[in-house]
Amino acid sequence: PFVDTNQLNHLLTRNDGTIASTLVVNDVDRWIPDVSDWMDYHFDFLPRWRRDDAQVSLAARGGGIGPHVDNYDVFLVQTSGYREWEIGLEPISVQDEYDNLVETS
């Protein structure tokens, strides 16, 4: 968890001074009990073994993680800002997913 906003700004800023497009923080529910309680309350219809973690993402305008496949159930909750979410119905290959996520030099 980021108590110091300077720490967060440091993580989001690239060496050239530009802002990184996306920061994803995993296991938020393990660090913030209120998030864990929120998940227990709103997702109690799922067996405990089906839940992994709460993730929080912070993205600059136009940022994102790109097309990808999750091999687990995903529930998206947007708390602020603007984001256009798309859910694809066509499968993508592992190579297509890799090509969309990793910059090649």
Under 3.5 Å donor-acceptor pairs involving side-chain atoms of residues 39-48, not counting sequence neighbours:
unit_1: Asp40; atom_1: OD1; unit_2: Arg48; atom_2: NH1; d: 3.0
unit_1: Asp40; atom_1: OD1; unit_2: Arg51; atom_2: NH1; d: 3.1
unit_1: Asp40; atom_1: OD1; unit_2: Arg51; atom_2: NH2; d: 3.2
unit_1: His42; atom_1: NE2; unit_2: Trp38; atom_2: NE1; d: 3.0

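In this structure, the side-chain contact (heavy atoms from CB on, under 4.5 Å) partners of Asp53, at least two apart in sequence or on a different chain, are Asn26, Asp27, Asp29, Arg30, Gln55. With sequence neighbours excluded, the residues forming a side-chain contact (heavy atoms from CB on, under 4.5 Å) with Ser93 are Gln95, Asp96, listed by chain and number.
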